[in-house]
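Notes for the one structure printed next.
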Number of protein chains: 2
Amino acid sequence: MKRIKIAAPVKRNSTRRDKIHQVLTEKRSFLSSQEIHKVLIRQGISIGIATVYRQLESLVQQGRADTIISPKGERLYSNCSQAETHHHHIICRICGAAEELDIPEVEKLSKIFAQHHKYTDVSHSLELFGVCFSCASIQSSSIKSKRKPKLS
Amino acid sequence: MKRIKIAAPVKRNSTRRDKIHQVLTEKRSFLSSQEIHKVLIRQGISIGIATVYRQLESLVQQGRADTIISPKGERLYSNCSQAETHHHHIICRICGAAEELDIPEVEKLSKIFAQHHKYTDVSHSLELFGVCFSCASIQSSSIKSKRKPKLS
DNA sequence: TTACTTGCAAACGGTTTGCATCGAG
DNA sequence: CTCGATGCAAACCGTTTGCAAGTAA
C-alpha cells in the first residue's frame with residue numbers, strides 16, 4: 001500500500017483552451033460546457049465536447065475560470081477576474097449574465113456558525129439568482145411565455 | 001394557444017411516501033435518492049427507484065423535505081423541520097449530517113446586492129460544508145485514507 | 001368504479017473515459 | 001522522439017418517463 005507520487009503533467013499550449021477562455025471572457029455570463037461547445041462550433045471551430053470538458057477543468061485549476069452548479073445540477077463556467085480571492089456572484093436567471101460580488105460578511109458568518117456547531121474545515125457556497133435589469137425590461141414589454149429561463 | 005388549466009391531482013395516502021419520510025427523519029442528514037432507495041431495500045421494503053424520486057418530489061412540495069444540490073451536482077434530501085421559513089444548513093462532508101441554520105443577515109445582504117445591481121426577483125442558495133465534531137474525532141484517531149467524503 | 005400510485009425498463013441529458021491519432025517542444 | 005492534447009464513440013450515472021398493473025377512496 002505504498003503511495004505513488006504522480007507528477008502533474010506539464011501543460012502544453014493549446015489553441016482549444018485559448019478559444020474556450022476567449023468565449024468565457026466575451027460572454028460575461030455563466031455557460032454550460034455544452035453551450036460553450038455550441039458557440040465554438042457556430043464560430044466554425046472544430047472541437048470535440050470531451051476537449052471542452054477537459055479544458056474547462058484545466059482553466060478552473062489554473063484559476064482562470066469560476067465554476068458553479070446551477071439549481072438544475074448543471075455545471076456552469078465563467079471567466080474569473082478575481083483568481084485570488086473567494087467571491088460570489090449574482091446571476092441572471094434569464095440570460096445567465098453574472099457579476100462578481102464581494103460579500104466579506106459571509107466569511108465571518110460562516111466561521112461563527114462553524115464554531116457554534118463545532119464544525120471544522122468549513123467552506124460555503126453562496127450564489128444569488130435573479131433577473132437582471134435588461135431582461136426585466138424586455139420581459140415587461142413582451143409576451144412572457146416566449147422567454148424561457150436558462151436557470152430554474 | 002390557450003392556457004389549459006390542469007388541476008393538481010389529489011394525493012392519496014401512500015405507504016411508500018411514509019417510509020421515505022421515515023428514513024429522512026431517522027437519518028438526520030442529506031441523502032441522495034439512490035441512498036434512500038438502498039436503505040429501504042436493505043430494510044426489506046420492496047420499492048422502485050422511480051417511486052423514490054416521485055415521492056421525494058412530492059415531499060418537497062408538501063414542505064416536509066428540504067432539497068439541496070451537492071457540490072457534485074447530485075440532488076440531496078433531508079427532513080425539514082422548518083417548513084415555513086427559508087433557512088440554510090451546515091452539512092458534514094464526511095457523514096452528510098445536517099443541521100438547520102437561521103441566518104437572517106443573508107436575506108438582507110441579498111436584497112442590498114440585488115438593489116445595487118438592479119436585479120429583481122432575487123433568490124439565493126447558501127449552504128455551509130464542513131466536518132462535524134464526531135467525524136473530526138474519528139478522523140484524527142484513524143487512518144485517513146479509509147474515510148471517504150460523501151460530498152466533495 | 002375512478003384515477004392516483006407503483007414498478008419496470010427504456011429513454012434522457014450531462015459528464016467521463018478508452019483509445020488511436022495528432023502535434024507541441 | 002516524447003508525451004500531452006484532441007476527437008470520436010462508448011460508457012457512466014443520476015434522473016425522468018411511458019405504460020400496464022395495483023390499489024385507495
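Residue numbering restarts at 1 for every chain, and letters A, B, ... go by the order of the sequence lines.
Going from atom CD1 of Ile69(B) over to atom P of dG14(D) covers 14 Å, rounded to whole Å. His37(B) has its NE2 atom 11 Å from the C1' atom of dC8(C), to the nearest Å. Computed from coordinates, the Arg17(B) CZ to dT6(C) C1' distance equals 12 Å when rounded to whole Å. Between the NZ atom of Lys19(A) and the P atom of dG7(D) there is a distance of 13 Å, given to the nearest Å.
Put simply, Thr51(A) has a side-chain N or O that comes within less than 4.0 Å of OP1 or OP2 on dG7(D). Look at Ser14(B) and you won't find any side-chain N or O under 4.0 angstrom from OP1 or OP2 of dC4(C).
The ring-ring contact (aromatic ring centres under 6.0 Å, His included) contacts involving residues 9-40 of chain B comprise Phe30(B)-His89(B), where partners must be two or more places apart or lie in separate chains.
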Listed pairs, N/O of protein and of nucleotides 15-17 of chain C, under 3.5 Å:
| residue | atom | partner | partner atom | Å |
| --- | --- | --- | --- | --- |
| dT15(C) | OP1 | Arg75(A) | N | 3.2 |
| dT15(C) | OP2 | Tyr53(A) | OH | 2.4 |
| dT15(C) | O5' | Tyr53(A) | OH | 3.2 |

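Cluster partners of Ile36(A), using a side-chain heavy-atom cutoff of under 4.5 Å among ILVMFWY residues and allowing indirect links, are Ile20(A), Val23(A), Leu24(A), Leu31(A), Val39(A), Leu40(A), Ile41(A), Ile45(A), Ile47(A), Val52(A), Leu56(A), Leu59(A), Val60(A), Tyr77(A).
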Can you build the contact string for nucleotides 20-25 of chain D? Use B for base contact, S for sugar-phosphate-only contact, and - for no protein heavy atom under 4.0 Å. ---BBS
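Rounded to 10 degrees, the angle separating the terminal helix axes of the helix from dT1(C)-dA25(D) to dG25(C)-dC1(D), each built from five base pairs, is 30°.
Contact between Ser123(B) and Arg93(A) at its shortest, heavy atoms only, is OG-NH2, 3.0 Å.
Residues that satisfy the side chain to side chain contact (heavy atoms under 4.5 Å, CB included) test with Ser58(B), not counting sequence neighbours, are Lys11(B), Arg17(B), Gln55(B), Gln62(B).
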